[in-house]
Protein chains: 2
Amino acid sequence: MKNIGGTPRPRLRKKARREQILLELKLHPHVRVSELAERFGVSTETVRRDFEALSADGLLFRAHGGGSAPMRGHYPGLDERSRQGMEERERIGRHAAGLVQPGDTLMIDAGSTTLQMARFLAYAGTPCTVLTNSLPVAMTLGQGETAEVILCPGEYLASESAVIGPETVAFIESHMVDQCFIGATAIDPRGVSETARGFASVKRAMIRRSRRTNLLIIRDKMGGTGFARVCGLDDISALITGAAPEGKLARALDRSGVEAMVAT
Amino acid sequence: MKNIGGTPRPRLRKKARREQILLELKLHPHVRVSELAERFGVSTETVRRDFEALSADGLLFRAHGGGSAPMRGHYPGLDERSRQGMEERERIGRHAAGLVQPGDTLMIDAGSTTLQMARFLAYAGTPCTVLTNSLPVAMTLGQGETAEVILCPGEYLASESAVIGPETVAFIESHMVDQCFIGATAIDPRGVSETARGFASVKRAMIRRSRRTNLLIIRDKMGGTGFARVCGLDDISALITGAAPEGKLARALDRSGVEAMVAT
DNA sequence: TGAAAAATGTGGGGCACTCCACAAAAAATT
DNA sequence: AATTTTTTGTGGAGTGCCCCACATTTTTCA
């Protein structure tokens, strides 16, 4: 059942079912095996197998009798390495949230690290005003009553649960804040870069309209390069990371006057 | 065990446990009865009772074997009536989704009925462009790859999981679409009204910028009135509901040339 | 078209969870 | 201290779910 490069036949039974399951999870926090089996007209065992597959991909959190949507921020493919990454992201997020002063105005970028920051910021209850293009960030912070959240307009990109595009950029340009918190795919001595298409311009706009720029990045991403350039090191006020930068990168950061913080 | 205004003794066994449960839900999407019982050193029956109480307060979504964090955003409390309402909402949503033609441009309002519509629209896979102020609607439709989703800017309102405010209205005003799908708190012969603050102006803007206006409303809401007036019956093109309107309302609709559709 | 591979269904044993009613323990009230 | 109220535990019947192995159907590929 490989069909590599072959005629795209109208075959979709298993796939359609799994898409439906994911869709359902966006609406209900929990779905039951038995319920779905009945709705799809398949045996419970088949649904169980779907669950197992989705769970292996990190798209579903398996539970007795059914499954839940995985935590926002837990991303597709949580193997050993990305689990490890989550701990680091949490540390970075907690540290970043601590940099926010009561009454601050902020911009927060989309991404799993910045989402962790939003969680801790909501938990801390620091009163502040936040402008973001990330739907999960908005929902997390909005939950806490204490922060005022402004969402950017734009085209919705499901893979990142965020909005992008010229409308997003224009909206950001019409504001000015105390500090912004940005994530990125990679950082090296020549600057910061991003892989996901359409996000670089949004990040640039946020940096432009903030008095202070904090870059949140996990250790794995130090030293690499992405597809689109976001900005140079000179544009960064502080780097918040899980491990101290080394070698050329460390020197370049120092030369550009970037404050390097290691989240413990 | 009332202790009204009495000395606040250091009694917290039940309360502490329930706080722990909620805390746990912030970290994991699902918790098990058995797991917690063991951790707290209490019987599973006690945890079950905790779950029931939290569930009644809408703080936990009960599932077989455990519980999940409730959906981010709106959760009024699903008692008998709102469960019953869901079936009707689904019927209405399915019918409304069927009114969309391939290539249409739409505006979709925030609300539980319109969210159902978004589900069916995503399922149908009708290619279209949708502008919405509801985060769940955006996420649901965005999932399906087939619709282009534009999100409005504005202040995020956690209770409705939607954005509102002057920026939302201004953004809507700068667009024009084929049809819009609106929900409301109430409808009576004098017009459509809404209770949730800040939504009436958004709905009005959508209606203004659409060639055709579809009002989605469940039977319980026919005949009542809300706090803020949205529009008159003349502004409505079609009413999609779960049961045929009767009496004065039916005559008023007829007089205003509203097409009444009953979703089966 | 026939063989291999994948997906799905079936049946049964076992375990986990639910539900209920009542008993026991702890806390609050008098 | 005795009584009422609240909270928690216990036991047993019933049900849903899990898991495994194997049969059956569907799809893919030679």
Side-chain angles (χ1 to χ4, degrees), chain A residues 1-25 28-70, chain B residues 1-25 28-70 78-80 83:
Chain A
M1 219 182 189
K2 252 186 289 179
N3 198 16
I4 314 169
T7 327
R9 304 245 187 91
R11 73 159 185 89
L12 57 143
R13 229 166 305 282
K14 193 177 70 168
K15 199 179 159 196
R17 224 172 35 227
R18 298 189 177 176
E19 276 169 7
Q20 278 296 305
I21 294 175
L22 293 178
L23 198 67
E24 191 66 21
L25 278 175
H28 307 290
H30 187 91
V31 289
R32 293 197 179 207
V33 173
S34 53
E35 225 170 67
L36 291 177
E38 190 177 2
R39 223 173 70 187
F40 295 154
V42 298
S43 76
T44 62
E45 201 60 19
T46 299
V47 176
R48 220 182 299 285
R49 281 188 266 249
D50 288 339
F51 273 33
E52 203 154 333
L54 292 172
S55 172
D57 289 348
L59 298 170
L60 178 139
F61 186 91
R62 195 71 171 84
H64 187 87
S68 298
Chain B
M1 218 182 190
K2 254 185 288 181
N3 197 17
I4 314 169
T7 328
R9 303 248 188 89
R11 72 159 186 89
L12 55 146
R13 230 165 304 280
K14 192 177 69 167
K15 199 178 160 196
R17 224 172 34 228
R18 298 191 176 175
E19 277 169 6
Q20 279 293 309
I21 294 174
L22 294 177
L23 200 66
E24 190 67 19
L25 279 174
H28 307 289
H30 186 92
V31 290
R32 292 196 181 210
V33 174
S34 54
E35 223 170 70
L36 292 176
E38 191 177 0
R39 223 175 69 188
F40 294 155
V42 298
S43 76
T44 63
E45 200 62 19
T46 300
V47 176
R48 220 182 298 287
R49 281 187 268 250
D50 289 339
F51 273 32
E52 204 153 332
L54 291 171
S55 172
D57 290 348
L59 298 171
L60 178 140
F61 186 91
R62 194 72 171 83
H64 186 82
S68 298
L78 28 86
D79 35 281
E80 336 293 300
R83 270 181 211 274

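We name chains A, B, ... by the order of the sequence lines, and we start the count at 1 in each one. Keep in mind that the numbers below use all heavy atoms, side chains included, and drop hydrogens, waters and symmetry copies.
Between atom CD1 of residue A/Ile21 and atom CG of residue A/Leu36 there is a gap of 5.5 Å, rounded to the nearest 0.5 Å. Between the CZ atom of A/Arg18 and the CZ atom of A/Arg49 there is a distance of 10.0 Å, given to the nearest 0.5 Å. Expressed to the nearest 0.5 Å, how far CG of A/Asp50 lies from CD of A/Glu45 amounts to 11.0 Å. The CG atom of B/Leu60 sits 11.0 Å away from the CD atom of B/Glu52 when rounded to the nearest 0.5 Å.
Pairing each heavy atom of B/Ser68 with each of A/Pro29, the nearest pair is OG-O, 3.9 Å. Contact record, A/Arg62 with A/Ser55: CB-OG, 4.0 Å, taken as the closest heavy-atom pair.
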Polar-atom pairs under 3.5 Å, protein N or O versus N or O of nucleotides 22-25 of chain C: list them with distances, or write none.
none

All N/O contacts under 3.5 Å from nucleotides 11-13 of chain C to the protein, with atom names and distances to one decimal?
none

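Whole-Å rounding puts the A/Glu52 CD to D/dC17 P distance at 16 Å. Residue A/Arg32 contributes atom CZ, which lies 12 Å from atom C1' of D/dT15 at whole-angstrom precision. Distance CZ (A/Arg18) to C1' (C/dT8): 11 Å, rounded to an integer number of Å. The distance from atom NE2 of B/His30 to atom P of C/dC17 is 9 Å, rounded to the nearest whole Å. Taking atom CG of residue B/Asp50 and atom P of nucleotide D/dT6, one finds them 17 Å apart after rounding to whole Å.
Listed nucleotides: D/dC17, D/dG9, C/dC17. Nearest to the side chain of B/Thr46: D/dG9. Comparing C/dG9, D/dG9, C/dC17 by their closest approach to the side chain of B/His64 singles out C/dC17.
Residue A/Ser34 is classed as a sugar-phosphate contact, given heavy-atom separations below 4.0 Å to backbone atoms only.
Using the six-membered ring where Trp is involved, B/His30 and A/Phe61 have ring planes that are tilted, between 30° and 60° apart.
Counting only heavy atoms from C-beta outward, the side chains of A/Thr46 and A/Arg17 approach each other to under 4.5 Å.
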